[in-house]
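Here the structure comes first, spelled out in structure tokens, and everything after it is commentary.
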Amino acid sequence: MNVVPSPDEPASRPFGPLASRTLGPELAEANAELESASAEDVLRWVLARFRGQRIGLSSAFGPEGCVLVDLVQRVTGPMGVQIPVYTIDTGYLFAASIDVREAYRARGADIRVVEPLLTIRGQAERHGPDLFARDPDACCEIRKVEPMRRILTLLDVWITAIRRDQSPTREHTPILGTATRDDGSLVLKVAPLARWTRADTWQHLLDNELPYNRLLDEGFTSIGCEPCTRRPEADGNERDGRWAGQGKTECGIHNL
Ligand code: SF4
């Protein structure tokens, strides 16, 4: 049922038009064109332009991740194709987060769970207990970033649910960008929801009666691993409850 890619997976094919560290003219032109396109039209463009290449999306099943899985199903369903949904199970997820993931599997999503190479126990044996409290960057590297690196070896096109209004660190997210694999080759990174607001996201979720994490009805606004997620204390950006008080705002997968 789950796919856990190992480091022994064959090397990725080079991604022709993007095999440089800078965005090619074609991509810059497409970005300008897609800036005003709907999320569904961005997805249709990607599916047409990169037909035959390895397209997948990642989702942690936050509100926008749920919307993206739904939109991809709406776009790909009539085409008779299915795009895999990669999701990382750090071992520290809330039970409610696993429940919502499984609700989307029940709705037909091709969900592939990727786990860290170290179990929580193995991590504690190697690095000491509760690494998240002492060195959250190291913990995120082991439990989130390294698994994401493995996912990138399986993809030519990575579709992600991040939005510009989630936090200052995401406000310049392009519709089309790139991520870099360990060998320096590039993966096209697509953010169809970049222009969506939090209100847009909730409207789509509620209008379509989609499953969402029940913790979002209990004051949480962004949900990651249980030890590093709090209800935000005051009005701020929705990711304020993540790594609160630790001076950390991103796990690192969007820096790849
Ligand atoms: Fe570890 Fe916290 Fe990062 Fe999860 S969010 S991987 S528990 S530091």
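Note that ligands are numbered from 1 as they come in the structure, with each ligand's atoms numbered from 1 the same way. Throughout, numbering of the chain's residues begins at 1 and tracks the sequence.
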Do [X] and [Y] meet the criterion of a side-chain donor-acceptor pair at a distance under 3.5 Å?
| X | Y | result |
| --- | --- | --- |
| R198 | Q166 | no |
| Y212 | D217 | yes |
| N213 | R101 | no |

Quiz item: Among C225, A133, P227, which residue places a heavy atom closest to atom 4 (Fe) of ligand 1?
Solution: C225
Considering the heavy atoms of [X], write down every atom of ligand 1 situated less than 4.0 Å from one of them.
| X | answer |
| --- | --- |
| C228 | 2 (Fe), 5 (S), 7 (S), 8 (S) |
| R143 | 6 (S) |
| P136 | 8 (S) |

Quiz prompt | Validation row, ring centre Y86 to ring centre W158 under 6.0 Å | solution = no
Practice problem: Evaluate the salt bridge (charged side-chain N to carboxylate O under 4.0 Å, His left out) criterion for residues R149 and E141: first the C-alpha distance (whole Å), next the side-chain angles of each, then the deciding distance (0.1 Å), finally the verdict. | Solution: CA-CA 10 Å; R149 286 201 186 95; E141 169 61 32; 2.6 Å; yes
Quiz prompt | Metal proximity, C140 vs atom 1 (Fe) of ligand 1, N/O/S cut-off 2.8 Å | solution = no
